[in-house]
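Reckoned from all heavy atoms, side chains included, excluding hydrogens, waters and symmetry mates. FYI, the numbering just counts along the sequence from 1.
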Amino acid sequence: MQQLRFSHKVMAITGAAQGIGKAVAEQAAREGARLALIDRAPYLQEVAAALQERGCDALAIQADLESWEETQAAIDRAQRHFGRLDILVNNVGGTIWARPFAEYTPAQIEAEIRRSLFPTLWGCRAVLPHMLAQGGGAIVNVSSVATCGVNRVPYSAAKGGVNALTRSLAFEYAGAGIRINATAPGGTDAPPRLTPRNRETPTPQEDVWYQQVVDQTLNSSLMHRYGTVHEQAAAILFLASDAASYINGTVLPVAGGDLG
């Protein structure tokens, strides 16, 4: 029998148009969740339509989550539509460039931090007033084991920030009935991105630097393989579910034994 862990629950998922976020949405829909799907990509509408055809109550909200104003507007719209928000999955982020730190420009460093820290920071800030008003909730942030890794120092710093805010917010809001945890994915096989994180054609040197990232990722995993989006979604949804009711302020590595 299909387990309905999220029956009568409303879940907001950021970065839901593709990859891990889409896999979380599809599995949560199968388990009874009502979904607010938030992404800046226009094909988010197609993801929502496919879930609606399967009987899921899914709302697509296009927003740039690097912006506080757009994040707040998206979360507020989801709250107005469903009347409550039980779960938020902050999934937006990802390395834009792969290179030794001395090769990053200041603009690239700022862009990496905006991409991989601020959407989670803004998402937590936007949803907390609603969860406080309703007396509880659960937040799952998607971090990374690449807080320790080669050729991604700005991204590592951003995800280290995600880990810190996860722990600190859990400490602050546990008494209000709000659980805040994170997963730390390792390398993950996903379908080709419909919107590339970096539209620039890589140089031969950049290909070498990226291959170093791949090699380090495989060597650091005890299982010496990449994970799947479904393996990542399973861990996220476990932390979001009532089965994890006594887990709080935890960053769960999902990287085949790589602890970051």
Are [X] and [Y] packed together at the side-chain level, in the sense that at least one heavy-atom pair is separated by less than 4.5 angstrom?
X: Ile247; Y: Leu239; result: yes
X: Val150; Y: Trp209; result: no
X: Thr188; Y: Val229; result: yes

Taking only distance into account, with no hydrogens and no angle test, what donor-acceptor pairs under 3.5 Å do side-chain atoms of residues 116-132 form with protein atoms, sequence neighbours excluded?
residue : atom : partner : partner atom : Å
Ser116  : OG   : Gly94   : N            : 2.9
Trp122  : NE1  : Glu66   : O            : 3.3
His130  : NE2  : Asp76   : OD1          : 2.8

OH/Tyr104 to CD/Glu110 distance, rounded to the nearest 0.5 angstrom? 14.0 Å

CZ-NZ distance between Arg152 and Lys159, expressed to the nearest 0.5 angstrom: 11.5 Å

Is it the case that more than 12 heavy atoms not belonging to [X] sit under 6.0 Å from its [atom1] atom?
X: His81; atom1: NE2; value: yes
X: Lys22; atom1: NZ; value: no
X: Tyr210; atom1: OH; value: no
X: Phe171; atom1: CZ; value: no

List the atom of Asn151, the atom of Pro100, and the distance in Å for their closest heavy-atom pair. OD1-N, 3.6 Å

Side chain to side chain donor-acceptor pair (under 3.5 Å) between Gln27 and Glu31, worked out: CA-CA 6 Å; Gln27 183 58 35; Glu31 297 193 42; 2.8 Å; yes

Is Asp86 salt-bridged to Arg34, cutoff N-O under 4.0 Å? no

Using a strict cut-off of less than 4.0 Å between a Lys/Arg side-chain nitrogen and an Asp/Glu carboxylate oxygen, indicate whether Glu172 and Arg167 qualify as a salt bridge. no

Apply side chain to side chain donor-acceptor pair (under 3.5 Å) to residues Gln211 and Asp215 and explain how you reach the verdict. CA-CA 6 Å; Gln211 186 60 47; Asp215 293 344; 2.8 Å; yes

Heavy-atom donor-acceptor pair, Ser241 side chain to Ala243 backbone, under 3.5 Å: yes

Side-chain donor or acceptor of Asn91 paired with backbone N/O of Asn141 under 3.5 Å: no

